[in-house]
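Below you'll find the structure, written out as structure tokens, and then a few comments.
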Amino acid sequence: MVATQAAAPTTTDVVLHATGITKRYGGVDALKGVDFEIRPGAVTTLFGENGAGKSTLMKIISGVEQPTSGTLELDGAPVRFGSSDDALDKGIAIIHQELNLAPNLSVRDNIFLGRELLTPFGSVDRSAEDEVVRTLMERLEEDLDPATKVADLRLGQQQIVEIAGALAADARVLIMDEPTSALSASEVEVLFKVIEDLKADGVAIVYISHHLEEALHVTDRAVVLRDGELVAQDEVRHIDLAWVVEKMVGAADEEVFASLDPNPGEVVLGVSDLVVADPQAPERNVVDHVSLEVRAGEIVCVYGLMGAGRTELMEAVAGRMPVVAGQVTLQGRDVGGLNVRDRIDLGLGLVPEDRQRDGLVPQLSVGRNMSLASIGDFVRGIFLSGRIENGRIEAGIAKTRVKTSSPNAPVGSLSGGNQQKAVISKMLLTEPNVLLLDEPTRGIDVGARAEIYSLLAQQAQQGLGVLYVTSEIGEAITGSNRLVVMHKGRLVAEFDSRKVDRHTVMAASGENADLAGETAENEMGASR
Amino acid sequence: MSAQPGAGLFRARTEKINWNAVFLEGRALIALILIVVIFASMSDHYLTATNLLSMTRHVAFNAVLALGMLMVILHGGIDLSVGSTVGLSGVVAGSLLQGLDLSLFDIVAYPAVWVVVVVAVAVGALAGYVNGLMVTRFRVAPFVATLGMMYMARGAAMLIADGRTFPELQGDPELGNTGFSAIGNGRLLGIPMGVWIMIGVAVLVAILLTRTPFGRWLYSIGGNSRAAELSGVPVGRVVRSVYVISGMCAALVGLILASELTAATPQTGQMYELNAIAAVVIGGAALSGGRGTVRGTLIGAFVIGFLTDGLVIVGVSEFWQMVITGAVIVAAVALDQFQQRLNHTRRGPGKPGSGARPATKPAEDKAAASATVSN
Ligand SMILES: Nc1ncnc2c1ncn2[C@@H]1O[C@H](COP(=O)(O)OP(=O)(O)OP(=O)(O)O)[C@@H](O)[C@H]1O
Ligand SMILES: [Mg+2]
């Protein structure tokens with residue numbers, strides 16, 4: 001199942017060696033004395049649950065953060081990185097988990113930000129830069145114009161830009177913190193090819209992903225972090241998926257999705273003939289006459305490739321995007337013309353795809369982010385009731401198991417996966433009748449992923465209608481009762497999730513179903 | 001920024017961080033205390049009750065403007081029109097007190113003082129509403145929208161007054177419109193009305209910001225308006241309200257000023273917006289929105305007021321006053337940046353200095369807003 005070439009370098013040479021790294025944030029020990037090494041021409045993959053300390057360790061190695069204690073050695077000589085630029089100068093580049101792009105700048109300007117190519121006259125040499133960008137895009141098999149503004153790209157394409165930026169640095173050590181969380185299966189394939197090439201050139205790669213199976217494909221050496229400690233490491237040929245999960249969670253985790261016992265009630269969400277125009281090219285329809293229904297107690301998945309129009313569909317239903325034609329009804333009531341706020345009041349909420357951009361207010365605490373959408377529920381008279389609010393926040397944190405030191409911690413202090421849980425929790429606190437979720441498990445670890453889907457199943461049992469989008473074939477099938485496939489703006493197929501296999505679904509979505517063969521064994525089953 | 005403090009240092013660190021926080025959060029207060037101490041040592045007169053009261057009375061004008069400005073800045077905008085609105089509302093009050101010439105009915109109406117106050121405040125609210133409408137409906141950057149209003153309101157004031165001053169606004173008992181001068185000159189429990197108004201506005205704004213959904217909404221819009229909108233925050237309504245409140249605050253100041261002098265001049269209030277912005281910024285608010293408090297803003301207003309008056313009292317020349325005031329503002333903001341950087345370590349990902357993920361800012365208006373500081 002794990003088909004990695006045993007060509008893993010047997011060399012013991014190490015580019016970068018971290019010894020006894022600890023990192024403390026206020027009262028939180030993010031890392032507790034980690035010894036970690038990175039080898040050239042190999043992929044070292046970091047596994048660990050949300051909040052295990054993976055990103056923190058990578059930030060330290062790439063100079064973004066300074067360790068509380070511990071040392072770094074580059075080529076055997078001690079180094080200290082004052083900043084990420086410092087580390088970059090020494091050949092260490094990082095692709096951040098949370099994208100780090102300037103949306104108002106073009107693809108080209110983002111890729112070369114801070115290290116622009118100059119003409120002999122000292123001006124920016126755009127044509128030379130464009131040339132490089134084109135080569136990079138060719139390599140990533142992505143059709144992106146260097147002059148496009150990043151704000152106009154979908155999330156996956158932004159992630160490609162982020163990757164291209166790191167590649168452009170020609171680093172010796174390349175750190176990829178969840179580079180594929182917004183990529184489609186074929187884009188991931190391409191990235192893996194690029195990784196193989198980089199390895200052949202002797203680049204040392206550190207890879208982080210919650211798609212365990214996918215990650216094992218590129219891994220040469222697996223390292224597992226748990227609660228800030230390095231608990232296990234081994235060559236990939238000695239281990240398998242079960243090993244990874246066991247080490248990550250501490251014990252073999254028994255959790256599976258709550259058994260879905262669909263007992264659909266009446267239709268809570270109706271979408272008929274919905275048409276949404278592409279904001280960039282209004283003559284094109286990104287959502288093209290889509291009709292679907294979600295019943296109370298039912299969990300429906302919209303599966304499809306990136307760019308199939310799924311996000312636009314969700315945003316239009318939520319009232320965020322204007323529709324050209326068609327109708328959205330909520331419990332039989334036409335909600336056309338109502339804005340996001342009205343729809344939330346009527347019980348229709350959206351968990352957006354991009355939590356940084358659309359989900360979180362960085363200046364507010366974890367708790368206040370979570371209570372923002374349901375603020376009306378704890379107003380007494382005209383004043384907020386702190387007591388009721390805190391009670392609800394506590395309940396929300398417990399229910400979605402957000403790992404935070406306190407509800408008053410800044411939301412940015414949470415690990416990526418826990419930020420995601422906070423956003424989901426925010427919408428659940430509005431007590432919706434229909435919940436829309438756009439890639440609800442982006443950046444969430446296996447255990448938490450199962451938790452989220454069982455949470456949804458549980459809520460559905462109480463009458464919630466759920467419509468979610470995912471690019472994960474495993475999640476699409478296991479998490480839902482019913483599955484619709486979207487392709488180029490249209491709904492092209494519909495399946496009963498219990499009676500369908502991956503190949504059929506992927507083929508319907510226009511995806512290369514051969515890929516399914518490899519990653520087939522149930523990825524979601526990883527938590528079993 | 002050294003990498004590894006020893007284990008011993010480490011224990012002390014939690015405490016040290018707290019002290020840092022106290023120092024930085026309270027830096028405006030420290031500045032204020034320094035100012036008082038320095039001037040008190042230079043002049044016996046400075047720390048007398050009379051002088052403190054008279055300085056506070058001066059502070060009140062700027063503080064009321066700054067409280068309105070604070071709300072605008074919290075959403076990530078800026079209001080350059082408040083100075084002009086001060087002038088406009090004063091002139092509106094002046095013209096009403098001098099008699100409203102209804103030539104259509106061939107009479108001159110003399111509205112009661114309370115009517116005058118209501119109308120003047122309504123004019124301020126209207127100016128603010130137009131600002132808000134331009135920002136939310138027509139997507140004009142706040143800097144530009146309120147810059148336009150700054151000219152328009154000033155022009156309107158000039159037109160109403162025909163460029164002249166409305167003198168002697170004490171009213172006439174026979175016309176039943178006396179009492180206007182009490183707003184600026186009256187006292188309650190020995191404290192000038194202007195100061196009471198400042199206290200009243202501060203309490204109201206503080207309650208609004210910390211105890212109501214409106215306040216929470218405002219902070220969330222300033223932090224990330226896209227996320228706020230998706231969470232059901234009525235973004236447009238909140239933003240419009242904020243400009244209305246700022247306009248009303250400006251109108252109040254216009255009334256107090258006109259009342260104090262019992263005269264209204266269309267030129268009144270020029271450059272007041274800059275003092276208000278300075279007070280908000282010294283008080284620790286971020287021009288990018290989402291961060292700032294009433295307490296900080298009040299302290300900021302006191303810093304500026306006590307500094308300016310102190311410089312006058314010890315006889316520093318007007319030109320040096322400008323230089324010193326400017327230096328204090330810049331120092332406060334520089335300190336603020338330092339604090340941001342400290343905080344950044346505790347915030348999200350990204351390089352220090354690269355700020356939050358840019359997408360979380362409604363780009364242009366912020367850029368415009370930060371342009372003001374550099375002026
Ligand atoms: N800036 C910060 N301030 C306070 N605590 C932080 C900060 N950054 C990280 N932490 C804490 O450190 C721990 C490790 O976080 P980290 O982001 O490294 O996790 P991770 O393994 O990358 O998780 P994920 O898979 O969710 O991305 C978490 O408990 C987190 O709350
Ligand atoms: Mg992480």
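Excluded from the calculations below are hydrogen atoms, water molecules and symmetry mates; all remaining heavy atoms, backbone and side chain alike, are included. Chain identifiers are assigned alphabetically (A, B, ...) following the order of the sequence lines, protein sequences preceding nucleic acid strands; residue numbering begins at 1 within each chain.
- Between Ile375(A) atom CD1 and Arg216(B) atom CZ the span is 5.0 Å, to the nearest 0.5 Å.
- Between Leu230(B) and the options Asp358(A), Val423(A), Leu372(A), a side chain to side chain contact (heavy atoms under 4.5 Å, CB included) holds for only Asp358(A).
- Counting heavy-atom pairs under 4.5 Å between each of Ala227(B), Ala228(B), Pro234(B) and chain A puts Ala227(B) at the top.
- Around atom CE of Met198(B), more than 12 heavy atoms belonging to other residues, nucleotides or ligands sit under 6.0 Å away.
- Heavy atoms closer than 4.5 Å to chain A are found in the side chain of Ile207(B), but not in its backbone.
- Checking side-chain atoms of Asn224(B) against main-chain N and O of Leu360(A) turns up a donor-acceptor pair under 3.5 Å.
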Which is it for Phe383(A) and Thr212(B) under the side-chain contact (heavy atoms from CB on, under 4.5 Å) test, yes or no, and what are the steps along the way? CA-CA 5 Å; Phe383(A) 297 123; Thr212(B) 67; 4.1 Å; yes
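- Residues meeting the side-chain hydrogen bond (donor to acceptor under 3.5 Å, both in side chains) test with Arg154(A), sequence neighbours left out: Glu187(A).
- Residues Leu364(A) and Tyr219(B) meet the side-chain proximity criterion, which asks for heavy atoms closer than 4.5 Å.
- Using a 4.5 Å cut-off between heavy atoms, Leu384(A) contacts chain B through both its backbone and its side chain.
- In this structure, the separation between CZ on Arg226(B) and CZ on Arg357(A) is 4.0 Å, given to the nearest 0.5 Å.
- Closest approach of Gly223(B) to Gln363(A), counting heavy atoms only: CA-OE1, 3.0 Å.
- Residue Arg380(A) qualifies as enclosed at atom CZ: its count of foreign heavy atoms under 6.0 Å is above 12.
- Summarising the geometry, atom CG belonging to Asn369(A) is positioned 9.0 Å from atom OG belonging to Ser220(B); distances are rounded to the nearest 0.5 Å.
- Residue Ser385(A): no heavy atom, backbone or side chain, is found under 4.5 Å from chain B.
- Atom-to-atom distance recorded for Glu229(B):CD and Arg320(A):CZ is 5.0 Å, nearest 0.5 angstrom.
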